[in-house]
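Worksheet for the structure shown next.
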2 protein chains.
Amino acid sequence: MERDFIKDLGYLGFTMRLKRLSDALIHSGRKLYKDLDLEIEPNMFSVFKLLEDRGSTSITEIAEAIGMAHPSVIAITNKMIAKDLIYADKDSEDSRKKVLNLTQKGRDKSTEYNAIWEIGNSAMHKELNDLNALEFLEQLEQVFEKKDFRQYLLKEMSQDMEIVQDNDLYHADFYALNIEWLKKYFYVEDYDETVLSNPKKYIVDEGGYLFYAKLNGKVVGTVALIQRDNGVYELSKMAVTDKFQGLRIGYKLMMACIDFTKKHKFNGLFLDSNTALEPAINLYRKVGFVEIPVPKDTPYERCNIRMELPLD
Amino acid sequence: MERDFIKDLGYLGFTMRLKRLSDALIHSGRKLYKDLDLEIEPNMFSVFKLLEDRGSTSITEIAEAIGMAHPSVIAITNKMIAKDLIYADKDSEDSRKKVLNLTQKGRDKSTEYNAIWEIGNSAMHKELNDLNALEFLEQLEQVFEKKDFRQYLLKEMSQDMEIVQDNDLYHADFYALNIEWLKKYFYVEDYDETVLSNPKKYIVDEGGYLFYAKLNGKVVGTVALIQRDNGVYELSKMAVTDKFQGLRIGYKLMMACIDFTKKHKFNGLFLDSNTALEPAINLYRKVGFVEIPVPKDTPYERCNIRMELPLD
DNA sequence: TATCTTTGTGTAGTTAACTACCTAATTATG
DNA sequence: CATAATTAGGTAGTTAACTACACAAAGATA
């Protein structure tokens with residue numbers, strides 16, 4: 001038997017090994033059930049135990065209790081209904097709801113199954129108790145689930161996020177991110193389409209600047225400084241992909257613009273926004289913007305608040 | 001958030017929780033790759049690392065090294081070939097073999113991917129090192145893989161295995177198990193079909209006895225004592241399902257027959273077998289049977305050895 | 001009270017592992 | 001040296017989870 005390569009990968013192989021182990025366990029469980037001609041599959045176990053314990057339970061309640069997506073529960077319970085182990089009733093109060101219960105056959109089988117499960121339980125106990133396996137698993141779950149490991153990784157990665165000012169590259173990303181943002185919060189006005197399709201003409205050539213947030217080489221946010229009056233700039237076209245929340249991409253873009261404004265000694269910096277976008281407004285306030293009166297002549301319908309950055 | 005039902009199940013829920021955790025990790029990994037537009041999927045990771053490390057490797061070598069079934073590896077590597085991350089060459093010495101290697105693009109991507117993986121590695125390290133997670137996983141793997149948990153469970157269950165003598169029930173199992181056994185080791189002779197189809201006429205009514213091994217209510221082995229001369233019995237029709245190896249089912253059936261023979265003070269007990277069935281012959285010797293000459297008139301072609309149990 | 005939002009269930013499509021079986025090439029054996 | 005057994009790669013079918021979306025009922029809100 002060859003050396004196990006995955007083990008040599010250390011923590012990088014951890015996930016794979018966990019999957020391999022759990023797959024193997026589920027597999028051997030299924031094989032055992034099949035060999036013993038028990039008409040049950042490993043994934044039915046939780047549902048069985050839950051209904052034994054609680055009686056009438058709906059599909060989403062089951063999904064919630066056993067920590068699965070509800071379509072998975074539907075698949076499992078449909079099989080169990082087909083095998084006459086459980087039956088479904090309409091809920092008397094909520095006609096959308098199905099409540100599931102063990103049938104008589106299900107309760108009878110329960111005795112048989114519990115005998116096997118009890119043997120499994122005591123075997124696991126005997127082998128795993130010295131390892132404090134349950135306690136360990138609990139801690140693992142906390143590390144990965146509660147802390148949201150994906151988010152955690154992203155935050156680590158975001159330390160390498162860079163804000164770049166570039167007027168020539170990434171125009172396609174500029175368009176895509178802004179349209180995505182507009183579609184999500186408002187709708188695309190004609191003037192948006194015009195400007196976003198041709199940032200060179202409408203922003204750069206008018207003395208403006210384009211900024212991008214880049215994560216791992218990928219553009220994940222944009223903002224533009226657009227010259228309005230001589231030396232007075234509007235901070236606009238702020239758009240951040242919604243795939244990466246919590247990385248403070250917006251904040252970093254703002255700060256880059258403010259630094260740029262100060263460094264180039266612009267005469268003023270303001271922005272137009274909408275009071276419905278509370279998190280954004282809060283961010284603007286946080287970095288120093290203060291509310292000023294809205295003029296009548298803004299080109300966008302969606303703006304109902306104007307803020308400006310007091311410059312020393 | 002409701003109390004987690006699976007956790008209340010203790011060791012019974014261990015497998016489910018392990019699966020849930022590993023599924024969640026793989027899922028969030030895939031999502032992260034997708035969000036970052038990396039054209040890689042979680043299961044490609046091991047293959048990537050292996051080829052980076054070793055260069056030219058064949059499909060079965062990969063499967064062996066990362067602990068997966070070879071069709072899974074084929075699926076993964078086909079996707080990687082389609083993405084031009086690896087390429088396949090015929091082995092120069094063995095024309096059945098394909099050797100896989102990273103392409104130039106694959107090597108280039110490797111840099112990019114390793115940056116992410118390194119962040120993952122250090123994040124995992126930071127979170128898991130205090131838990132001694134790798135060490136723990138190693139121990140878990142040993143408990144479940146090396147010890148073959150299914151086998152372990154079966155052995156626990158086999159303590160409840162019972163050998164029953166019954167001439168009326170289970171004739172269908174008697175037929176099925178013996179035919180299964182014959183098809184596996186020899187072929188079904190006409191006389192087998194005759195006897196097995198009607199054990200009442202050919203065994204019971206001739207003064208014989210049928211024995212069954214029952215595990216968890218299911219018949220998993222048979223044997224018969226068939227009266228030949230007056231009070232002299234042949235031990236025959238020994239058949240054990242090949243689903244449950246290592247439970248000493250054959251041994252227990254043998255011992256039940258021997259006890260029965262002694263209790264009823266039979267005049268003799270012998271059996272016919274074939275020297276090719278070494279494990280069986282060894283078992284017969286172990287419980288006390290000794291070889292005697294083979295007569296010319298046995299009804300079965302497959303027998304080339306006769307053994308008898310010396311009775312006090 | 002009319003409309004919007006949330007909730008409960010269901011379907012379709014994706015991903016990923018497995019076993020069982022197949023063919024062809026290589027190696028072992030009588 | 002012919003034939004049998006093993007090995008390498010591949011296909012088909014099974015199981016099981018997920019997300020995304022659809023639709024209807026119930027609840028919230030203007």
Side-chain angles (χ1 to χ4, degrees), chain A residues 15-31 33-35 39-47 56-64 66-82 88-100 150 243, chain B residues 15-31 33-35 39-47 56-64 66-82 88-100 150 243:
Chain A
T15 310
M16 289 294 133
R17 285 168 75 184
L18 216 55
K19 175 157 179 57
R20 209 165 62 174
L21 181 55
S22 106
D23 279 352
L25 282 172
I26 300 282
H27 245 89
S28 73
R30 176 167 31 258
K31 188 153 165 24
Y33 288 141
K34 202 179 161 195
D35 287 349
E39 46 174 340
I40 192 175
E41 281 155 33
N43 57 7
M44 294 178 185
F45 164 76
S46 321
V47 175
S56 303
T57 314
S58 76
I59 285 173
T60 35
E61 283 161 3
I62 295 175
E64 162 84 4
I66 69 179
M68 273 186 176
H70 84 271
S72 312
V73 174
I74 290 175
I76 296 170
T77 53
N78 278 345
K79 271 191 208 162
M80 292 176 77
I81 289 170
D89 265 338
K90 282 245 162 196
D91 186 287
S92 54
E93 285 165 12
D94 187 335
S95 70
R96 293 169 304 177
K97 262 193 190 174
K98 254 184 176 178
V99 285
L100 301 171
R150 181 177 161 277
K243 285 175 191 162
Chain B
T15 310
M16 289 294 133
R17 284 166 75 183
L18 215 55
K19 175 157 179 58
R20 209 165 62 175
L21 181 55
S22 107
D23 280 352
L25 282 171
I26 300 280
H27 243 88
S28 72
R30 177 168 30 256
K31 187 152 168 24
Y33 289 142
K34 203 180 160 192
D35 286 348
E39 46 175 340
I40 191 174
E41 281 155 35
N43 57 7
M44 293 177 185
F45 165 77
S46 320
V47 176
S56 302
T57 314
S58 74
I59 285 174
T60 37
E61 282 161 5
I62 295 175
E64 163 84 3
I66 68 180
M68 274 186 174
H70 85 271
S72 312
V73 174
I74 291 175
I76 296 169
T77 52
N78 278 345
K79 272 192 207 161
M80 293 176 77
I81 290 171
D89 265 339
K90 283 245 163 198
D91 186 286
S92 54
E93 285 166 11
D94 187 337
S95 70
R96 293 169 305 176
K97 263 194 191 174
K98 254 183 174 177
V99 285
L100 302 171
R150 181 178 162 276
K243 285 175 190 162

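To find a chain, count down the sequence lines: A is the first, B the second, and so on, and within it residues start at 1. Values below: every heavy atom of this structure, side chains too, minus hydrogens, waters and symmetry copies. Note that the structure is predicted; figures quoted are calculated from it, not measured.
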ask   = Once you build an axis from the first five pairs and another from the last five of the helix from C:dT1-D:dA30 to C:dG30-D:dC1, how far apart in angle are they, to 10 degrees?
value = 10°

inquiry  = Less than 4.0 angstrom from a charged side-chain N to a carboxylate O is my criterion; do B:Lys97 and B:Glu61 meet it?
reply    = yes

query = Quick one: does A:Arg30's side chain have a donor or acceptor within less than 3.5 Å of a partner on A:Leu25's backbone?
reply = no

Gap separating the CZ atom of B:Arg17 from the OG atom of A:Ser22, nearest 0.5 angstrom = 13.5 Å

key: Non-neighbouring partners of A:Lys98 that pass side-chain hydrogen bond (donor to acceptor under 3.5 Å, both in side chains), sequence neighbours left out   = none

request  = Report the residue (A:Pro42 or B:Lys98) whose heavy-atom-nearest nucleotide on DNA chain D is the more 5′ of the two.
outcome  = B:Lys98

query = Can you name the residues that form a side-chain hydrogen bond (donor to acceptor under 3.5 Å, both in side chains) with A:Ser72, not counting sequence neighbours?
reply = none

Close N/O contacts between protein and nucleotides 19-26 of chain C (under 3.5 Å):
from	atom 1	to	atom 2	distance (Å)
C:dA25	O3'	B:Ser95	OG	2.9
C:dA25	N3	B:Arg96	NH1	3.2
C:dT26	OP1	B:Ser95	N	3.1
C:dT26	OP1	B:Ser95	OG	3.2

ask   = Are OP1 or OP2 of C:dT9 and a side-chain N or O of A:Thr60 less than 4.0 angstrom apart?
value = yes

query = Could you give the start and end, 5' to 3', of the contact zone on DNA chain D for chain A, using atoms under 4.0 Å from its heavy atoms?
reply = D:dT15 to D:dA26

note = Residues at least two apart in sequence or cross-chain that pass side chain to side chain contact (heavy atoms under 4.5 Å, CB included) with B:Lys79, listed by chain then number, are B:Glu41, B:Met44

ask   = Roughly how far, to the nearest 0.5 Å, is the CD1 atom of A:Ile76 from the CD1 atom of A:Ile81?
value = 12.0 Å

